[in-house]
Structure formats: structure tokens, C-alpha cells
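Reviewing the structure listed below.
Quick caveat, the model's predicted, so the values are computed rather than measured. In what follows, chains carry the letters A, B, and so on, assigned in the order in which the sequence lines appear, proteins first and then strands, with residues in each chain numbered from 1.
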Protein chains: 2
Amino acid sequence: MAESPDIDILARSELFRGVPVEVLRELHAASFRRKFPAGETVFQQEDAVTTFYIVVVGRLRVTQTTLDGQQIIIRYLGPGDVVGYAALTGGAAHPGAVTAVDDSHLIGMPAAILRETMSRHSRIAMNAVTLMGERYQDLQLRLRELATEKVERRIAHTLLRLSQQAGRRTARGVEIAFPLSRQDLAEMTGTTLHTVSRTLSGWEVKGFVDSGRRRVIIAKPEALAEVAEEV
Amino acid sequence: MAESPDIDILARSELFRGVPVEVLRELHAASFRRKFPAGETVFQQEDAVTTFYIVVVGRLRVTQTTLDGQQIIIRYLGPGDVVGYAALTGGAAHPGAVTAVDDSHLIGMPAAILRETMSRHSRIAMNAVTLMGERYQDLQLRLRELATEKVERRIAHTLLRLSQQAGRRTARGVEIAFPLSRQDLAEMTGTTLHTVSRTLSGWEVKGFVDSGRRRVIIAKPEALAEVAEEV
DNA sequence: CACGGTCTTTGCGCCAACGCAATTAACCAG
DNA sequence: CTGGTTAATTGCGTTGGCGCAAAGACCGTG
């Protein structure tokens with residue numbers, strides 16, 4: 001109880017849920033804190049996997065870039081999330097880049113120590129399997145959306161999903177609580193910033209959303225849900 | 001060595017690699033064999049997770065279907081692959097359906113026993129994490145392709161990938177060793193069977209491929225690779 | 001070997017979304 | 001307050017790929 005606050009944070013993360021305190025203490029002893037101001041990069045695509053992080057506060061973006069510079073956003077990470085899942089799977093290089101989009105605090109530790117601890121305490125490994133399963137399902141869903149839905153619906157789905165994981169109630173509706181540009185939305189939905197801009201403008205007129213520079217407020221979630229689900 | 005052949009098969013699968021023989025024997029005791037003729041379904045989407053399988057021989061297709069009947073193919077499974085990863089992650093329902101596309105033999109066992117054994121032997125859990133990580137990366141790649149590439153390149157990439165995992169050298173080129181219709185390719189690449197048909201016809205003329213009813217032979221893999229990579 | 005079902009091919013018209021370009025708006029630093 | 005930078009909007013022409021439809025090829029079966 002009167003434990004270091006970092007141990008509490010670890011204990012509440014999905015990866016370390018249900019893990020005995022003494023094991024957490026052990027991990028904590030090897031860990032450190034690190035701040036990443038908005039815009040700073042945690043690691044680049046193809047970087048060697050040396051360190052593993054858990055988000056304490058803030059928001060980060062995972063991207064993947066092609067040889068010819070095209071970029072897509074794989075997902076956003078928030079408090080409690082694992083940063084650099086390759087450290088879990090034993091991968092040698094990071095398959096994507098991670099950048100802070102808001103000032104963030106992370107708890108870090110050497111990847112080797114995590115792997116070693118995980119192999120001695122199957123509860124961590126079991127949690128890791130569950131966690132990877134959830135992320136896998138997320139991607140399945142997005143793949144299906146991308147393959148079968150038109151742009152407008154994809155944007156609606158994406159906004160609703162973001163509002164689930166980072167929504168903040170305000171007087172004008174649910175606000176996505178981190179900077180989110182048209183370009184970002186385009187990279188999440190497989191379209192261009194132009195099309196996103198046009199779509200949001202359309203919704204703005206209808207009063208569904210209230211958006212500005214790197215900011216989106218969903219005024220009528222129900223209306224957006226209807227766009228997302230209509231046949 | 002003079003072990004049951006099924007134990008050998010388990011030992012060679014990615015999930016059970018490096019697991020002590022006595023553990024495999026234990027699992028084997030709870031397992032059974034089952035045949036699925038081509039076309040038969042192993043489980044449906046949303047089915048409760050009760051049984052877990054490893055492919056011995058054959059080929060199966062994992063699909064996901066939307067409410068309005070749109071379908072996409074998530075992946076194909078072959079010898080050594082895990083069928084029903086939800087049994088690993090502890091999921092309650094299968095997120096996709098699995099159907100045999102060729103006559104297949106599977107080794108099955110109760111999901112609960114697998115989970116229990118996995119939690120006692122972290123090597124299995126570690127393997128499961130690695131395995132899920134690989135599948136996750138596959139999806140990341142496909143998501144990126146779908147989001148950034150034109151149809152022709154996506155089809156080329158898909159065929160090349162299929163030839164990696166199920167290619168068979170023949171006099172006329174590398175043949176995809178299981179029935180694969182235009183519709184199937186469309187569901188893998190997020191397009192329509194019409195567009196796939198037109199694309200293959202085009203390649204046929206150029207001599208890149210040699211395709212027929214539910215059959216594709218890649219005559220010039222290098223040419224296809226060029227289509228896939230050209231800027 | 002003829003029949004019905006399942007795939008595949010191909011023509012044609014159409015439109016959602018892209019790509020380009022130019023303008024306007026918002027933010028920041030000094 | 002000003003100048004510079006980054007983000008957003010919007011108009012316009014183009015087009016890749018969809019959707020529909022009809023015909024042809026292939027296959028298993030009785």
C-alpha cells in the first residue's frame with residue numbers, strides 16, 4: 001500500500017495485472033522514469049529493441065512508414081499501455097515508430113529484464129498473450145473496415161473509437177483529448193487530408209461535430225454512430 | 001524418438017517448440033484427431049471457444065463477416081499453425097470463422113486444458129506471445145498495403161505472400177497449392193472479383209501468371225515482384 | 001453426355017475519392 | 001503587432017475501380 005507510486009501504476013497496467021508485488025518490486029528496481037515532451041520520438045521504425053515502456057500519463061502515436069514515405073497510424077497509446085510490444089514478443093527491431101503527441105511520462109526498463117522476468121512468471125506472459133490478442137482483434141476490425149467501408153463511414157468509426165479511448169466530456173460534446181489533425185485522421189483511415197477535411201466540413205454544417213485546428217469535438221455521437229452503421 | 005507421431009507434430013509446431021516431452025505427452029493425452037474435408041467449417045464467427053487445434057495437414061481459411069454479409073479473408077492456415085488463437089488469449093468467442101479449403105487433419109484439445117498447461121509452463125506462453133506478435137505484424141503490413149497501395153500492387157503482394165506460404169514448384173512456375181478463386185483474392189485484397197479477374201487477365205497476356213478456375217500459377221515471380229515494388 | 005451449378009471474363013457507364021493548386025485561418029516567436 | 005509557419009478549406013478536373021449485366025468456360029453428377 002505505502003509502496004512506491006510507480007509500483008501501483010505497474011500493478012494497474014494490463015500487462016502486470018495480478019502479478020505478485022515482490023515481482024513488481026524486482027522489475028521496479030530495474031526501471032526508470034522518462035519524460036517525452038509532445039513531438040519527441042521514443043523510438044524509430046527498425047530501431048533495435050533495447051527498452052520497454054509503460055505509459056504513465058500522456059498520449060503517443062504508433063506509425064509505420066513505407067520506403068516511399070507513405071505513413072499510416074497504427075494506433076494511439078495512453079496511460080497503462082505497453083510501448084514497444086516487440087519487447088514482449090522477442091522481436092529484434094521495432095516494426096513501427098512511436099512519437100509523443102502530448103507531453104508524456106513513461107516507465108522504462110531493459111527489454112531483456114522484462115523477457116527474463118516474463119519467462120519466470122507465467123502470469124505476465126499470459127497477460128501479454130491476452131494483450132496481443134486484443135491488439136490483433138483491433139487490427140482485424142480496422143482491416144475489415146478499410147476493405148469494405150466507404151471513407152465517410154471509416155472516419156465516423158475512427159472518431160467514435162478515439163472518443164472511447166480518449167474522450168473528454170465538455171459543454172459542447174465529447175472532445176478527443178489530444179491534438180488530432182486532418183492529416184492524422186487521414187493516416188488512420190487510409191484516405192487523404194482533403195477528403196477528411198471535406199467530410200468534417202459536411203458534418204460541421206449538420207452540427208454533428210465541432211472541429212478546429214488539430215482538435216475535434218463530437219457534438220452528436222448518436223448522429224455519428226448512425227453514419228457509421230447505416231446500410 | 002519412438003514417440004507417437006502426434007507428439008512429434010506438436011513438438012515441431014511454433015507454439016510447442018522447445019517444450020519438454022513430458023508436457024507434450026500430457027497434452028497429447030487430452031487431444032484427439034479430427035478430419036475436415038474441403039469446405040467443412042471448423043467453427044463459426046462468435047462461436048464459444050471450447051476447442052483448440054493445430055493443423056497437421058491441409059489448408060484452412062480464416063474469415064470475418066460483417067452484419068451486412070460482407071466478408072474478408074484474414075489469413076490462411078497450414079501445417080503447424082494454430083487454429084483458434086482465441087483459445088490462447090482467453091477470449092470467450094471466436095472473432096472469425098475457420099473453414100477447410102482442402103481436406104485437412106487437425107489435432108484438437110480442450111481450450112481450458114491448453115490454457116491451464118500454458119500457465120504452468122511459461123515456455124508455451126512465451127511461444128504464444130511470439131506467435132501473436134508475428135500475426136500482428138502480418139496484419140500491420142496488410143493494413144498498410146490496403147491504406148496506401150493501389151489494387152494491382154495489393155494483388156501482386158498477396159500472390160507473392162501466398163506463394164511463400166503455400167507455393168509448389170511446377171514446370172510452369174510456382175503454383176499456389178490450394179484452390180483460390182478470384183473472389184477469394186478479392187476478399188484478401190479489399191476489392192471485387194471483377195477487378196481481380198481483369199488484373200489477372202492483364203498479367204496472363206504478359207505471361208506473368210497462368211491462372212484458371214480456382215488455380216493460380218505464378219510464371220514470373222520476378223515480374224510480379226516488380227509490379228509489387230515499383231514506385 | 002447433357003444438365004445445372006459455379007466460376008470467370010469482359011463491356012460499359014458512373015461516381016467516390018484523389019491530386020493539384022490556391023486561399024484563408026490559426027498559432028507562435030520575437 | 002508582425003512575419004513566418006503550419007493547418008485547414010475549397011474548387012476543379014481526372015480517374016481507378018466499382019456495380020451491373022450478360023455471355024462464356026469449366027466441373028461434377030446423374
Side-chain angles (χ1 to χ4, degrees), chain A residues 37-39 61 68-73 99 101-103 145-156 158-159 176 178-206 209-217 227 230-231, chain B residues 37-39 61 68-73 99 101-103 145-156 158-159 176 178-206 209-217 227 230-231:
Chain A
R61 175 174 50 204
D68 54 312
Q70 298 241 59
Q71 195 177 77
I72 69 160
I73 296 178
T99 311
V101 293
D102 251 351
D103 294 347
E145 283 181 12
L146 203 49
T148 64
E149 298 180 354
K150 291 215 192 304
V151 169
E152 190 180 24
R153 288 183 65 172
R154 300 208 299 266
I155 299 175
T158 301
L159 284 179
I176 311 277
F178 59 86
L180 181 73
S181 70
R182 305 292 182 267
Q183 177 69 35
D184 292 336
L185 272 170
E187 289 176 11
M188 296 188 78
T189 52
T191 179
T192 62
L193 78 160
H194 309 277
T195 301
V196 172
S197 180
R198 279 182 253 266
T199 306
L200 288 190
S201 295
W203 288 342
E204 197 104 19
V205 172
K206 295 188 195 165
V209 301
D210 177 359
S211 69
R213 190 187 173 86
R214 311 229 282 155
R215 215 174 31 76
V216 181
I217 298 172
V227 173
E230 80 197 352
V231 186
Chain B
R61 175 174 49 203
D68 54 312
Q70 298 241 60
Q71 194 177 78
I72 69 161
I73 295 178
T99 311
V101 294
D102 250 351
D103 294 347
E145 283 182 12
L146 202 49
T148 64
E149 297 180 354
K150 293 218 193 301
V151 168
E152 190 179 26
R153 287 182 65 172
R154 301 208 300 265
I155 299 175
T158 301
L159 283 179
I176 310 278
F178 58 87
L180 181 73
S181 70
R182 304 292 181 267
Q183 177 68 37
D184 292 336
L185 271 171
E187 289 177 11
M188 296 189 78
T189 52
T191 179
T192 62
L193 77 160
H194 308 278
T195 301
V196 172
S197 179
R198 280 182 253 265
T199 306
L200 288 191
S201 294
W203 289 341
E204 196 104 20
V205 172
K206 295 188 196 166
V209 301
D210 176 0
S211 70
R213 189 187 173 87
R214 311 230 281 155
R215 214 176 31 77
V216 181
I217 298 172
V227 172
E230 79 197 351
V231 187

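One interatomic measurement links the two molecules: CD1 of B:Ile155 to P of C:dT8, which rounds to 13 Å at whole-angstrom precision. When the C1' atom of C:dC18 is taken as reference, atom CZ of A:Arg154 falls 13 Å away, rounded to whole Å. For A:Arg153 and C:dA17, the CZ to P distance is 12 Å, given to the nearest whole Å.
Residue A:Ser201 is classed as a sugar-phosphate contact, given heavy-atom separations below 4.0 Å to backbone atoms only.
Between the CD atom in A:Gln183 and the CE atom in A:Met188 there is a gap of 12.5 Å [rounded to 0.5 Å]. The distance from atom CD of A:Glu187 to atom OG of A:Ser181, rounded to the nearest 0.5 Å, is 7.5 Å. The CD1 atom of A:Ile73 sits 7.5 Å away from atom CG of A:Leu180, with the distance rounded to the nearest 0.5 Å. Between the OG1 atom of A:Thr158 and the CG atom of A:Asp184 there is a distance of 12.0 Å, given to the nearest 0.5 Å. Rounded to the nearest 0.5 Å, atoms NE2 (A:His194) and CZ (A:Arg182) are 13.0 Å apart. Note that CG of B:Leu193 is 9.0 Å distant from CZ of B:Arg198, once rounded to the nearest 0.5 Å.
Taking a heavy-atom distance under 4.0 Å as the criterion, the stretch of DNA chain D touched by chain B extends 5' to 3' from D:dG16 to D:dC27.
For A:Thr195, the side-chain hydrogen bond (donor to acceptor under 3.5 Å, both in side chains) test picks out A:Thr192, with sequence neighbours left out. Legend: residues meeting side chain to side chain contact (heavy atoms under 4.5 Å, CB included) with A:Arg213, ordered by chain and number and at least two apart, are absent.
The two residues A:Gly190 and A:Arg154 have their closest heavy-atom pair at O-NH2, 3.3 Å.
For the segment residues 185-195 of chain B, the set of residues with a heavy atom within less than 4.0 Å of an atom of DNA chain C comprises B:Leu193, B:His194, in numerical order.
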Go through it in stages, so that I can follow the logic: the residues are A:Arg215 and A:Ile217, the test is side chain to side chain contact (heavy atoms under 4.5 Å, CB included), and I'd like the CA-CA distance, side-chain angles, deciding distance and then a yes or no.
CA-CA 7 Å; A:Arg215 215 174 31 76; A:Ile217 298 172; 3.4 Å; yes
Let me see the working for B:Val227 and B:Ile155 under side chain to side chain contact (heavy atoms under 4.5 Å, CB included), right down to the final yes or no.
CA-CA 10 Å; B:Val227 172; B:Ile155 299 175; over 6 Å; no
Can A:Leu159 and A:Trp203 be said to form a side chain to side chain contact (heavy atoms under 4.5 Å, CB included), step by step?
CA-CA 12 Å; A:Leu159 284 179; A:Trp203 288 342; 3.9 Å; yes
Strictly under 3.5 Å: I want the nitrogen or oxygen pairs between protein and nucleotides 2-7 of chain C, one per line.
unit_1: C:dT6; atom_1: O2; unit_2: B:Arg213; atom_2: NH1; d: 3.0
unit_1: C:dT6; atom_1: O2; unit_2: B:Arg213; atom_2: NH2; d: 2.8
unit_1: C:dC7; atom_1: O4'; unit_2: B:Arg213; atom_2: NH1; d: 3.4

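For A:Arg61 (side chain) and A:Val101 (main-chain N/O), no donor-acceptor pair under 3.5 Å exists by modelled atom type.
Over its full length, the helix from C:dC1-D:dG30 to C:dG30-D:dC1 turns its helical axis through 50°, comparing axes from the five pairs at each end and rounding to 10°.
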